[in-house]
Amino acid sequence: MPLPPDVHLIPSTLRGPQQPVNSYLLTTGAGAVLIDPAADCTPDKLPVRPAAILITHLQEENVAGCCHFPGVPVYVPAGAEYLCAGEAAYRKLITPWEPPWDWEARGNFRGHLAGARNERPPQQPLSIAGVLRDGDEIFGLQVLATPGHGKHALTYLARSEGKQLAFCGDLMCGDGMLWNWFDCDWDYGLQSGQRALLDSAGRLLSLQPEVICAAHGPVVAEACDALARLCERLEKALEAFVAGTEPVPINFADRESAARGWREISPRLHQWKAGNCAALLSASGSALLIDDGLCYWEPLPQRAAHHRSVIEELKRALAITRIETVIITHYHGDHTENIPDLVALEGAQVLALDIVAEPVEHPERFNLAAPLPWYGTAHNKVKDDRRVAAAIRVRWHEYDLEVIHLSGQTY
């Protein structure tokens, strides 16, 4: 749609992940402001030199063009200052899960999500003139907090030719869509980021903007209709997570195993109650474990001693002669933590699906949430003995096991 003469969309020709980014120049009575300059937004593409640069949310692709405007003050959302220190400083924020190991945090840590980099700071430090908060006014623009696609994201509201324009970053893309879902993931699956986005979209909708100028996608003329569609779609996607409507798990009453702390699924299949481990027994007295993560969040010496005692009790109570094999279902540390100790204790062979084995053996090569090192464990990787492809069948004693790739919580 045609923009008012005091608003210029500077299109980007960049391609690739998170590209292209829309940059906007708005001329106000107090001077021109540049919003979210893309990496190829240069002075020669602007009709006037900006008096200030405003950032809707601090991601590398939205601030990359700031370097082309030395001396122009840059303003970013309050709370995002730590990202301005650049990529090298950002990486230092990624630390293992620390005691008291409160799982209620669900991965919502400053600078990372359970060890995975879930933000995109600039490669080099970004010098800023100040920060902006909800309710501020700058160069005649009203500042509205609209978190969701970023924890501290802002929308800038301006009037031009009698219409209210909203420069909303990644709050919306196109007609009631999202640029991506991942940037709203603050807490590893509890949807608080997506719920915040829904609240922000509703708040912006209540102000009845007429034009949406987003960081990605086309300028949207029917802003209220598009925002209403976004709210409706988010409500539908999140309805299973609304308080009081959570689906009830299909469970059955526990049958106590002869081994303390285990439940008996069937006479030859037993499951550890307080963590992620199951034991399959053969008629010959051997056992196979599926995962070995007891989720005993105590200091490392206590963890190791607890694991040894649990394995000894399992073997004694169920007359297991040896645990021969352990199969890894996925790379999360709470499923793999005790496997190196199991290998040392039992000489167990480690088997994994091929695409699971690589991030388990080389977690440093992947940007994945909740890998083994993040749990602050005694071991940072698990070496596999056998990798298998999806759909293969594995014979173990009298059992015919089929390995099926079922991505979902992890790929």
Side-chain angles (χ1 to χ4, degrees), residues 250-296 302-361 372 375 377-379 381-406 409-410:
I250 300 174
N251 283 332
F252 50 86
D254 275 357
R255 178 185 301 151
E256 293 296 325
S257 169
R260 287 193 306 272
W262 298 75
R263 63 170 62 90
E264 182 183 299
I265 305 299
S266 73
R268 295 197 179 276
L269 180 62
H270 298 253
Q271 183 184 40
W272 177 245
K273 292 181 182 181
N276 303 304
C277 184
L280 180 66
L281 313 182
S282 75
S284 65
S286 297
L288 174 150
L289 296 191
I290 296 92
D291 293 333
D292 190 357
L294 301 186
C295 299
Y296 187 70
Q302 288 93 310
R303 291 194 209 184
H306 176 68
H307 178 253
R308 283 195 301 271
S309 68
V310 168
I311 294 300
E312 289 169 2
E313 166 65 13
L314 175 71
K315 292 178 66 178
R316 183 199 62 76
L318 300 182
I320 296 171
T321 56
R322 180 183 166 223
I323 299 174
E324 292 182 345
T325 303
V326 57
I327 296 178
I328 300 174
T329 61
H330 62 293
Y331 56 80
H332 284 166
D334 59 331
H335 288 251
T336 60
E337 177 181 9
N338 303 119
I339 292 176
D341 287 339
L342 181 73
V343 171
L345 289 170
E346 298 287 310
Q349 182 187 57
V350 180
L351 183 148
L353 188 65
D354 46 14
I355 64 168
V356 172
E358 196 65 20
V360 168
E361 188 160 350
L372 183 57
Y375 285 83
T377 58
H379 311 277
K381 57 184 67 180
V382 176
K383 186 180 185 306
D384 62 276
D385 299 295
R386 183 181 178 189
R387 300 184 181 189
V388 298
I392 198 169
R393 303 185 86 89
V394 176
R395 189 72 182 177
W396 182 78
H397 290 274
E398 66 266 37
Y399 297 101
D400 187 27
L401 308 175
E402 185 175 2
V403 182
I404 304 173
H405 178 207
L406 295 175
Q409 186 192 14
T410 70

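Small disclaimer: the values here were computed from a predicted structure and weren't measured.
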Query raised in the report: Does atom CZ of R322 have more than 12 heavy-atom neighbours, drawn from other residues, nucleotides or ligands, at distances under 6.0 Å?
Result: yes

Query - Atom pair CD/OG of E398 and S284 - distance to nearest 0.5 Å - result: 6.5 Å

Query - H330: partners by ring pair (Phe, Tyr, Trp, His ring centres under 6.0 Å), with sequence neighbours left out - result: H332, H335

Query raised in the report: Can you tell me how far the OG atom of S309 sits from the CZ atom of R260, to the nearest 0.5 Å?
Result: 8.5 Å

Query raised in the report: With a 4.5 Å heavy-atom cut-off, do T325 and L289 have their side chains touching?
Result: no

Query raised in the report: salt bridge (charged side-chain N to carboxylate O under 4.0 Å, His left out) with E402: which residues, sequence neighbours excluded?
Result: R393

Requested in this report: Could you list the residues that satisfy side chain to side chain contact (heavy atoms under 4.5 Å, CB included) with V343, not counting sequence neighbours?
Outcome: I339, V350

Query raised in the report: For C295, does its backbone N or O pair with a side-chain atom of N276 as donor and acceptor, under 3.5 Å?
Result: no

Report task. Begin from the C-alpha positions of Q349 and V326 and carry the test side-chain contact (heavy atoms from CB on, under 4.5 Å) through to its verdict. Result -> CA-CA 6 Å; Q349 182 187 57; V326 57; over 6 Å; no

**Report entry** salt bridge (charged side-chain N to carboxylate O under 4.0 Å, His left out): pairs with one or both residues in residues 277-287, sequence neighbours excluded
**Finding:** none

Requested in this report: Indicate yes or no: at least one non-hydrogen side-chain atom of L342 is less than 4.5 angstrom from one of I311.
Outcome: yes

Query raised in the report: Looking only at heavy atoms, what is the nearest atom pair of Y399 and L281, with distance?
Result: OH-O, 2.7 Å

Requested in this report: Sequence neighbours left out, what pairs pass salt bridge (charged side-chain N to carboxylate O under 4.0 Å, His left out) with at least one residue falling in residues 269-288?
Outcome: D254-K273, E256-K273

Report summary line: With sequence neighbours left out, the residues meeting ring pair (Phe, Tyr, Trp, His ring centres under 6.0 Å) with H270 are none

Query - Separation of L351 CG from R386 CZ (nearest 0.5 Å) - result: 5.5 Å

Report task. Examine distances only and state if a side-chain atom of S282 and a backbone atom of H397 form a donor-acceptor pair shorter than 3.5 Å. Result -> no

Query - salt bridge (charged side-chain N to carboxylate O under 4.0 Å, His left out) partners of residues 340-355, not counting sequence neighbours, each pair once - result: K315-E346

**Report entry** Residues which pass salt bridge (charged side-chain N to carboxylate O under 4.0 Å, His left out) with K383, listed by chain and number, not counting sequence neighbours
**Finding:** none

Report task. Taking the side chain as every heavy atom from C-beta outward, state whether V360 and K381 have any pair of such atoms under 4.5 Å apart. Result -> no

Report task. Just jot down the salt bridge (charged side-chain N to carboxylate O under 4.0 Å, His left out) partners of R255, sequence neighbours excluded, or say none. Result -> E264

Report task. Quick one: list whatever passes side chain to side chain contact (heavy atoms under 4.5 Å, CB included) with P359, sequence neighbours left out. Result -> Y331, F366, L368, Y411

Query raised in the report: Are E324 and S286 linked by a side-chain donor-acceptor pair shorter than 3.5 Å?
Result: yes

Report task. Identify, with sequence neighbours excluded, every residue that meets salt bridge (charged side-chain N to carboxylate O under 4.0 Å, His left out) alongside D384. Result -> R387

Requested in this report: Compare every heavy atom of L353 with every heavy atom of A389, then report the nearest pair and how far apart it is.
Outcome: C-CD1, 3.6 Å

Report task. Decide yes or no for E312 and L314: does some side-chain heavy atom of the first lie under 4.5 Å from some side-chain heavy atom of the second? Result -> no

**Report entry** Close side-chain approach of Y296 to H307, heavy-atom, < 4.5 Å
**Finding:** no

Requested in this report: Grab the two heavy atoms, one from A317 and one from A259, that are nearest each other, plus how far apart they are.
Outcome: CB-CA, 3.6 Å

Query raised in the report: Going by heavy atoms in the side chains, are D291 and I327 under 4.5 Å from each other?
Result: no

Query raised in the report: For the residue pair D385 and A348, what are the closest heavy atoms and their distance?
Result: OD2-O, 3.9 Å

Query - Minimum heavy-atom distance between T336 and V382, given as atom pair plus value - result: O-CG2, 3.9 Å

**Report entry** side chain to side chain contact (heavy atoms under 4.5 Å, CB included) against I290, all qualifying residues, sequence neighbours excluded
**Finding:** A278, L288, T329

Report summary line: The reported gap from CG in L372 to CD in E337 (rounded to nearest 0.5 angstrom) is 7.0 Å

Requested in this report: Answer whether the closest heavy-atom distance between the side chains of W272 and D292 falls below 4.5 Å.
Outcome: no

